[in-house]
*Asks:* 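Quick one: the structure is below, questions incoming.
If you're wondering where the values come from, they're calculated on a predicted model, not measured in any experiment.
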Amino acid sequence: MTNHASDADLEDLLRHALRATGTDTRWTTDANDMWCHVAPLSGTRREQGWKLHVSATAASAPAVLAHALGVLLREGSAFKFARSIEQVSALNSRATPRGNAGKFITVYPRSDAEAVRLAEELHQATTGLSGPRILSDQPYTPQSLVHYRYGSFVARRRLSDDGLLVWFIEDPDGNPVEDKRTGHYAPPAWAVSPFPVSAVPAPARGAKPADGPVVIGGRYAVWEAIRHTNKGGVYRGTCVRTGAPVVIKEARPHVEADASGSDVRDWLRAEARILERLKDTGLAPQPLGLFEHGGHLFLAEEQVPGIPLRNWVAERFRDVGGTAYRSDALDQAARLVELVAAAHAHGCVLRDFTPANIMVRPDGELRLIDLELAVMEDESPLPTRVGTPGFSPPERLVGAPVHATGDYYSLGACLCFVLAGKVPTLLPEEPDARAPERRLAEWLAACAGPLGLPEDLAETILGLMRDEPAERWAPARAREVLRKTVPGTSVSSVTSVPSVSPVPSVPPVASEPPARTHRGARSNRGAPAPEAPADDVDEAVAGVVAHLVDSMTPDDDRRLWPVSTSAGESGPCTVQQGAAGVLAVLTRYWELTGDPRLPDVLATAGRWIADRTDLRSPRPGLHFGGPGTAWALYDAGRALGDRRLTDHALALASAPLLSTPHHDITHGTAGSGLAFLHLFQRTGEARFAELAVDAADRLAAAARRDASAVSWPVPAEADEPDGGSRYLGFAHGTAGIGCFLLAASAVSGSREHREPAVQAGEYLLASALVVGGAAQWPARAGDVPTAPYWCHGSAGIGMFLVRLWEATGDDRFGEAARYGTYAVTERASRAALTQCHGLAGNGDFLLDVADAMGDPATRARAGELARLLVREGARRGGHLVFPNEYGDVSTSWSDGSAGILGFLLRIRHTSPRHWMVRLPG
């Protein structure tokens with residue numbers, strides 16, 4: 001993108017304005033990567049109130065800032081602005097969260113009266129300039145760049161009931177209230193606006209008022225929103241003239257605007273042209289009309305029945321199982337090749353060919369949708385750097401000319417997604433010694449065991465996804481390989497979904513029946529699969545440890561190790577995302593290896609945590625609360641012989657916990673109880689046994705018993721939208737609570753603790769579904785099965801069931817756990833890498849089963865998962881880093897390197913699972 005102003009020009013404008021007005025001695029300035037903060041030397045800032053935001057585009061930002069500075073430097077209110085044109089573009093990106101988008105300048109008025117005055121002056125100063133509407137705010141007047149909302153002026157955060165850090169304000173009584181930044185204007189009920197009322201028309205949002213749907217364009221009734229993004233919504237509706245179902249796409253002005261003024265409205269116009277060119281070809285929806293409404297641009301088009309390919313891949317695999325899915329996937333691969341070939345035959349280069357932009361009709365046929373980046377070869381299109389990570393060719397990032405070979409790459413990525421369940425996230429390496437196509441080849445080779453992918457198909461994916469565009473296979477070559485590799489491959493309709501069955505009292509015979517292996521016996525099921533080579537795992541462990549050691553920042557008061565906050569941010573000392581999770585794994589590593597670097601690292605980390613934990617009223621729970629932190633801190637102090645750390649850990653564990661309505665492992669009573677059991681086993685101190693028994697008593701009393709189950713529904717007082725839901729998984733539901741009660745019963749000797757644990761196991765048996773020999777569970781009772789992870793699915797539930805089998809000798813629990821191992825194995829190539837939702841947690845479950853049943857075949861399958869996981873790592877110097885589910889690098893236990901390291905250590909060393917206690921006997 002070419003700008004008429006360089007990135008430094010925005011700060012230069014401020015410096016020039018300060019000198020020109022003679023006010024440079026009245027203000028202080030401070031800049032970080034994103035913002036330039038400007039504050040008066042005198043005066044104080046309010047902590048909250050009515051704040052102003054001024055929007056701009058990349059092209060208008062210099063003029064908007066120059067005009068705004070003429071107002072702001074006369075006043076005494078603090079403000080900040082995006083410090084570069086690049087950051088302005090990022091704020092206006094289609095991918096920016098709707099609650100944050102468009103806020104180029106933020107002003108913190110000293111009073112409500114000043115807020116009103118500044119709003120009017122800034123409005124007058126910027127009238128006629130361009131900028132997007134800010135969705136979280138109220139525009140000062142229609143079409144104004146000036147917006148306002150009530151919110152925090154200072155960075156105040158607190159832990160929510162979910163254990164996540166949130167911004168907050170205070171209500172008139174001084175109670176903390178979350179300062180939510182959403183995609184609509186919603187001030188607190190007690191915050192009375194001082195601004196003059198202005199009638200600002202709102203674009204259609206697919207809401208259905210009491211008197212019927214919204215009608216836009218004079219013709220289309222909008223019934224519901226499919227999705228909302230910063231660039232605009234996508235809606236379902238009907239044509240009021242014909243009654244035909246339609247899809248309506250919205251483009252908001254100035255989103256993704258470049259220096260020339262082009263924005264997403266031009267993309268929508270381009271899509272309308274493409275649909276006209278492809279009209280009646282059967283490749284894409286029929287165009288119906290392009291029109292404006294409320295200042296926004298809309299495109300109405302025929303609704304294609306079916307589901308996106310992205311959803312089809314997940315749901316089809318879930319419904320039919322791995323063996324049956326492979327046949328369907330090969331048919332779908334053939335259709336994908338023909339779809340790209342047909343588009344190119346019509347002169348259309350797609351430029352964003354992804355599973356999200358392909359619809360699978362009920363008859364199995366494919367249709368292209370969301371063609372906003374597509375171009376016709378005869379249009380001399382300009383390059384674009386916009387695309388979908390993992391599916392866009394690498395040359396797109398450097399603005400290469402438009403060419404059909406870019407679609408070849410995307411086709412290969414789509415084939416990989418359909419056949420393997422995902423495209424690996426290959427983070428950049430430093431130095432860039434391994435070419436991406438080599439890394440992809442290594443990952444596909446590691447998939448061979450779990451997938452059973454024919455070698456020719458792996459070669460086809462690699463051929464289409466060559467780094468060099470000129471070397472990529474054309475669709476015709478891919479078509480020939482498919483025909484030779486899979487004779488009879490066709491474009492026939494999708495086969496019907498076979499029925500699924502629950503796990504009965506005696507497990508059914510599956511296509512690959514699990515062996516009935518009693519405690520202490522060896523499995524007789526097949527030969528062990530090839531494990532990850534020891535050298536590969538050792539190298540990975542060394543690289544992860546180096547990353548954790550070198551990335552520690554003890555001088556940072558907020559975070560000891562860097563974490564991803566894409567899914568929210570927990571406390572800095574917790575197991576989930578904080579220092580305790582990393583400390584626990586590095587403690588185990590030192591105990592196993594004696595690495596001389598670690599004592600200083602552990603001592604530094606332990607002191608950092610001890611200095612930041614509040615002994616007055618810690619939060620409950622293992623992963624988000626004080627008990628989990630105490631667990632990690634005690635083990636580190638014990639390993640180091642550091643009495644200060646162990647004493648602090650025991651004081652933290654003994655401190656009265658905040659009351660909680662949560663029963664679960666991560667946030668609630670079961671997690672606290674598990675930590676108390678661990679400390680009792682470590683110290684022998686009766687007070688921790690008493691705390692654990694008290695937790696078990698409360699859970700036994702809270703159990704909901706009915707004719708079919710014992711469970712722990714989410715209490716209504718938990719203030720969650722799913723209050724009353726019965727979660728089944730380990731992190732938040734029945735399996736985790738049952739696992740704690742089972743362990744507590746070994747200490748208490750009470751039937752009141754053991755019986756609900758066994759009944760929880762019975763409930764989980766009755767809730768299981770077996771498809772193709774693999775046991776799956778839904779996240780909540782009554783839902784469809786979920787992915788087989790520790791948090792909600794087979795890996796966590798199976799972890800409880802195998803322990804229940806050990807404790808009771810009831811083979812039904814052991815068989816169900818073993819069925820769960822097949823769900824984990826057959827989905828290996830589709831999984832993320834981490835503990836909570838990925839291969840590390842799944843691999844730990846396989847090791848649990850292997851250790852409990854003395855089963856080398858299951859241990860070998862855990863080795864396969866380790867090999868697959870390691871292949872997705874990125875080397876950076878002497879470090880090894882991994883992507884989480886969002887493509888970020890994180891060090892945390894739940895979604896980062898610490899949890900991965902915990903699993904890899906168990907692959908190479910005989911050691912117990914983290915965050916579990918051993919049952920006596």
*Asks:* Are Arg619 and Phe624 packed together at the side-chain level, in the sense that at least one heavy-atom pair is separated by less than 4.5 angstrom?
*Replies:* no
*Asks:* With a 6.0 Å cut-off on ring centres, are His732 and His792 close enough?
*Replies:* yes
*Asks:* Ala670: which residues meet the side chain to side chain contact (heavy atoms under 4.5 Å, CB included) condition with it, sequence neighbours left out?
*Replies:* Ile665, Leu699, Ile737, Phe740
*Asks:* Among all residues two or more places apart in sequence or in another chain, which pass the side-chain hydrogen bond (donor to acceptor under 3.5 Å, both in side chains) test with Tyr589?
*Replies:* Asp595
*Asks:* Verify whether one side chain among Asn884 and Ser564 offers a donor that lies under 3.5 Å from an acceptor in the other.
*Replies:* yes
*Asks:* Is there a side-chain contact between Val758 and Glu755 in this structure, where contact means two heavy atoms from C-beta onward sitting under 4.5 Å apart?
*Replies:* no
*Asks:* Tell me the closest heavy-atom pair linking Arg588 and Pro912, and the distance in Å.
*Replies:* NH1-O, 2.7 Å
*Asks:* Tell me, with the steps shown, if Leu657 and Ser617 meet side-chain contact (heavy atoms from CB on, under 4.5 Å).
*Replies:* CA-CA 5 Å; Leu657 298 171; Ser617 54; over 6 Å; no
*Asks:* Would you check, one step at a time, whether the test side chain to side chain donor-acceptor pair (under 3.5 Å) holds for Arg754 with Gln759?
*Replies:* CA-CA 9 Å; Arg754 184 180 175 89; Gln759 291 166 353; over 6 Å; no
*Asks:* For a quick test of reading the model, state the closest non-hydrogen atom pair linking Gly578 to Ser570 and the distance between them.
*Replies:* N-OG, 4.2 Å
*Asks:* How about Leu769 and Trp777: do any of their side-chain heavy atoms sit closer than 4.5 Å?
*Replies:* no
*Asks:* Between Asp557 and Arg612, is the closest basic N to carboxylate O distance under 4.0 Å?
*Replies:* yes
*Asks:* How far does CD1 of Ile900 sit from CG of Leu869, to the nearest 0.5 angstrom?
*Replies:* 5.0 Å
*Asks:* Quick one: side chain to side chain contact (heavy atoms under 4.5 Å, CB included) partners of Ala579, sequence neighbours excluded?
*Replies:* Leu560, Trp561, Trp608, Ile609
*Asks:* Do the side-chain N and O atoms of Thr587 and Asp635 include a donor-acceptor pair separated by under 3.5 angstrom?
*Replies:* no
*Asks:* Once the angle between the rings of Trp893 and Trp915 is folded into 0 to 90°, is it parallel (under 30°), tilted (30 to 60°) or perpendicular (over 60°)?
*Replies:* perpendicular
*Asks:* So, using ring-ring contact (aromatic ring centres under 6.0 Å, His included) as the criterion, who are the partners of Phe676 when residues are at least two apart?
*Replies:* none
*Asks:* So which atom in Val693 and which in Ser748 form the shortest heavy-atom distance, rounded to 0.1 Å?
*Replies:* CG2-CB, 3.9 Å
*Asks:* Between Trp712 and Ala760, what is the shortest heavy-atom contact and its length?
*Replies:* CZ3-CB, 4.2 Å
*Asks:* Looking just at side-chain N and O atoms, do Thr553 and Arg559 make a donor-acceptor pair shorter than 3.5 Å?
*Replies:* no
*Asks:* Will you find, in the side chains of Asp811 and Trp805, an N or O donor that is under 3.5 Å from an N or O acceptor?
*Replies:* yes
*Asks:* Do the side-chain N and O atoms of Arg780 and Ser725 include a donor-acceptor pair separated by under 3.5 angstrom?
*Replies:* yes
*Asks:* Do Asp895 and Cys836 come within less than 4.5 Å of each other through their side chains, counting heavy atoms only?
*Replies:* no
*Asks:* Can Asp642 and Arg644 be counted as an ion pair, charged N to O under 4.0 angstrom?
*Replies:* no
*Asks:* Does a salt bridge link Asp179 with Arg158, judged by any charged N lying under 4.0 Å from a carboxylate O?
*Replies:* no
*Asks:* Within a strict 4.5 Å, meaning less than it, do heavy atoms of the Phe688 and Ser654 side chains meet?
*Replies:* yes
*Asks:* Evaluate salt bridge (charged side-chain N to carboxylate O under 4.0 Å, His left out) for Asp694 paired with Arg698, printing each intermediate quantity in order.
*Replies:* CA-CA 6 Å; Asp694 177 68; Arg698 284 184 280 129; 3.1 Å; yes
*Asks:* So, Thr669 and His663: side-chain donor and acceptor under 3.5 Å apart, yes or no?
*Replies:* no
*Asks:* Would you compute the distance between atom CD of Gln577 and atom OG of Ser890 and round it to the nearest 0.5 angstrom?
*Replies:* 6.5 Å
*Asks:* Sequence neighbours excluded, which residues qualify as ring-ring contact (aromatic ring centres under 6.0 Å, His included) partners of His678?
*Replies:* Trp631
*Asks:* Could you check whether any side-chain heavy atom of Val784 comes within less than 4.5 Å of a side-chain heavy atom of Pro778, counting everything from C-beta outward?
*Replies:* no
*Asks:* Hey, are Asp706 and Arg726 close enough for a salt bridge, meaning a charged N less than 4.0 Å from a carboxylate O?
*Replies:* yes
*Asks:* Please walk me through it: do Val601 and Met552 pass side-chain contact (heavy atoms from CB on, under 4.5 Å)?
*Replies:* CA-CA 8 Å; Val601 172; Met552 185 173 70; 4.0 Å; yes
*Asks:* So, Gln835 and Asp844: side-chain donor and acceptor under 3.5 Å apart, yes or no?
*Replies:* yes
*Asks:* Can you list the steps and then say if Phe845 with Val849 is a side-chain contact (heavy atoms from CB on, under 4.5 Å)?
*Replies:* CA-CA 6 Å; Phe845 163 52; Val849 173; 3.5 Å; yes
*Asks:* A side-chain contact here means heavy atoms from C-beta on lying under 4.5 Å apart; do Asp810 and Leu804 qualify?
*Replies:* no
*Asks:* Is it the case that the side chains of His648 and Thr613 hold a donor-acceptor pair, with the cut-off being a distance below 3.5 Å and no angle test?
*Replies:* yes
*Asks:* Step by step, would you call Phe813 with Val802 a side-chain contact (heavy atoms from CB on, under 4.5 Å)?
*Replies:* CA-CA 6 Å; Phe813 297 129; Val802 76; over 6 Å; no
*Asks:* Does the distance from a Lys or Arg side-chain N to an Asp or Glu carboxylate O, for Asp556 and Arg558, drop under 4.0 Å?
*Replies:* no
*Asks:* Is it true that Glu178 and Arg157 have a side-chain N and a carboxylate O under 4.0 angstrom from each other?
*Replies:* no
*Asks:* Going by the rule side-chain hydrogen bond (donor to acceptor under 3.5 Å, both in side chains), which residues pair with Thr825 if we only count those two or more places apart in sequence or in a different chain?
*Replies:* Arg861
*Asks:* Are side-chain heavy atoms of Leu640 and Pro599 found at a separation under 4.5 Å?
*Replies:* yes
*Asks:* Testing the basics here: between Arg705 and Ala700, what is the closest heavy-atom pair and its distance to 0.1 Å?
*Replies:* NH1-O, 3.5 Å
*Asks:* Apply the salt bridge (charged side-chain N to carboxylate O under 4.0 Å, His left out) test between Asp851 and each candidate in Arg906, Arg918, Arg913; give the one that qualifies.
*Replies:* Arg906
*Asks:* If we check side chain to side chain contact (heavy atoms under 4.5 Å, CB included) with Pro620, which of these qualifies: Pro627, Ser672, Ser659?
*Replies:* Ser672
